[in-house]
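FYI, the numbering just counts along the sequence from 1. Remember, predicted model here, so these are calculated numbers, not experimental data.
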Amino acid sequence: MNSVAGYFRQIPIGIWVAIIGAAGIIFGAVIAWLGVWLQLRHDSKERERERQMSLRRDVYLKAAEEIGNKLALLVNFYDTNQSYSDKVAQVFQQIYMIGNDEILKATIELNDYFNKAFGELAPERQEIGLLEQNLNTLGKFTQKFSRELDKSVEEMKQYNLQGIVDERKWNIIQSNYEFADKRLGENLDKLDVDLNRLLKHIGEVACYCIRRAVQADELVTAFIIVVRKELKTPFDEEAYRRILKVSHEKAKDDVATYVSSVSSKYEKYLDVDKPKEEET
């Protein structure tokens, strides 16, 4: 130990100054690099955080779009002419991968609600479709018998103009007329009954669709709140609910318009004029 101490005592003071100076330079360089390293590490974390936030933002914006489409489908699910593609399930799967606990809970509740609502409404929509198909078929038969009736009336006119008495021919014309007249009347009565049944069913299902959409909006609002909380964006819940109220009123008007449209569609079948049998 004494030999080591003696060794260091033998080192000239000038060399010690050089050693200490070099150590100071090295220590200063280490301190400077440590600052750069910490800054780079901080920047890397910030970039990763921004990348993840950007990914979440894109997924949530897509989810908002598809949820809106899903709500529009729910409100108008009674309309069998409405076509749609369901992509919200795919977006929800992405949220399950990146969302926090609050968002996962809100997403699952919303998804469960949609599945239940559409499961209940699917048979009603199918019933509306069957009623519409039946009315279309009845309408075609009604037009057919109307044309046959017109043909019989024209044959009666031609028979009278000829001034020839042919009892057998007249009986055939009369029989054809009576058959077409009877079938036309039966079809018109059936159309009237089935149309009223369709309109009543559409009205009931449409009201149920609106109620379901209004209830879904509560879950959508909860979803929006937790998403905006994660994205750190402000949210005026009261203003949002005022917008929803206007939207719900518009949905009711749309239902009335659709029912009127359906009624007009089949009105031509109900208003077919049955020609009167002419005097012979």
Practice prompt. Would you sort out whether Lys151 and Glu154 count as a salt bridge (charged side-chain N to carboxylate O under 4.0 Å, His left out), showing the intermediate values?
Written response: CA-CA 5 Å; Lys151 180 182 177 182; Glu154 184 61 29; over 6 Å; no
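- Judged purely by atom type and a 3.5 angstrom limit, Ser146 has no side-chain atom pairing as donor or acceptor with the backbone of Thr142.
- Residues passing the side chain to side chain contact (heavy atoms under 4.5 Å, CB included) test with Lys105 are Glu109, sequence neighbours excluded.
- The two atoms that bring Leu104 and Ile95 nearest to each other are CD2-O, 3.6 Å, heavy atoms only.
- Legend: ring pair (Phe, Tyr, Trp, His ring centres under 6.0 Å) pairs involving residues 56-80, not counting sequence neighbours, sorted by first then second residue: Phe77-Phe118, Tyr78-Tyr258.
- No chain of hydrophobic side-chain contacts below 4.5 Å, direct or via other Ile, Leu, Val, Met, Phe, Trp or Tyr residues, connects Leu61 to Ile67.
- Residue Tyr159 comes nearest to Glu167 through the heavy atom pair OH-N, 4.3 Å, listed as atom of the first residue, atom of the second, then distance.
- Lys62 contributes atom NZ, which lies 5.5 Å from atom NZ of Lys87 (distance to the nearest 0.5 angstrom).
- Cluster annotation: Leu161 is not connected to Tyr177 through the hydrophobic network of ILVMFWY side chains, with a link wherever side-chain heavy atoms come within less than 4.5 Å.
- Taken from OG1 in Thr107 to CG in Leu219, the straight-line distance is 11.0 Å, to the nearest 0.5 Å.
- Atom CG of Leu198 sits about 9.5 Å away from atom CD of Glu127, to the nearest 0.5 Å.
- Among Asp192, Asp194, Asn187, the single residue meeting the side chain to side chain donor-acceptor pair (under 3.5 Å) criterion with Lys190 is Asp194.
- When hydrophobic clusters are built by joining Ile, Leu, Val, Met, Phe, Trp and Tyr residues whose side-chain heavy atoms come closer than 4.5 Å, directly or via intermediates, Phe114 is not grouped with Val75.
- Classification of the Phe223-Phe92 ring pair by plane angle, with boundaries at 30° and 60°, yields tilted.
- Open room surrounds CD on Gln126; 12 or fewer heavy atoms of other groups in view lie less than 6.0 Å from it.
- Between the CG atom in Leu184 and the CZ atom in Arg147 there is a gap of 11.5 Å [rounded to 0.5 Å].
- Using modelled atom types and a 3.5 Å distance limit, the side chains of Glu178 and Gln174 yield a donor-acceptor pair.
- Taking 4.5 Å as the limit, some side-chain heavy atom of Ile225 sits within range of a side-chain heavy atom of Thr221.
- For the atom pair Glu120 CD and Arg212 CZ, the distance stands at 4.5 Å (nearest 0.5 Å).
- Under the 4.5 Å side-chain criterion, counting only non-hydrogen atoms from C-beta, Glu124 is not in contact with Tyr208.
- A continuous path of hydrophobic side-chain contacts links Leu110 to Ile108 [ILVMFWY only; heavy atoms under 4.5 Å].
- Shortest non-hydrogen contact noted between Leu135 and Leu195 is CD2-N, 3.8 Å.
- Taking a 6.0 Å sphere around OH of Tyr113, one finds it holds more than 12 heavy atoms contributed by other residues, nucleotides or ligands.
- Of all heavy-atom pairs between Glu102 and Val226, the closest is CB-CG1, 4.0 Å.
- The backbone N or O of Leu231 lies less than 3.5 Å from no partner atom in the side chain of Arg57, so there is not a single donor-acceptor pair.
- Across all non-hydrogen atoms, the minimal contact from Ala117 to Leu74 is CB-CD1, 4.2 Å.
- Taking both residues in full, the closest heavy atoms of Asp79 and Arg125 are given as O-NH1, 3.2 Å, listed atom of the first, atom of the second, then distance.
- The hydrophobic clustering, which links ILVMFWY residues whose side-chain heavy atoms are closer than 4.5 Å, places Val227 and Tyr96 together.
- Counting non-hydrogen atoms of neighbouring residues, nucleotides and ligands closer than 6.0 angstrom, the CZ atom of Arg197 reaches no more than 12 such neighbours.
- More than 12 heavy atoms of other residues, nucleotides or ligands sit less than 6.0 Å from atom CG of Asn81.
- Remark: Ile98 CD1 to Ile103 CD1 distance equals 8.0 Å, nearest 0.5 Å.
- Under the 3.5 Å distance criterion, the side-chain polar atoms of Asn134 are left unmatched by any main-chain donor or acceptor of Leu130.
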Worksheet item: Can you list the steps and then say if Glu148 with Arg183 is a salt bridge (charged side-chain N to carboxylate O under 4.0 Å, His left out)?
Response: CA-CA 10 Å; Glu148 290 180 358; Arg183 296 303 301 273; over 6 Å; no
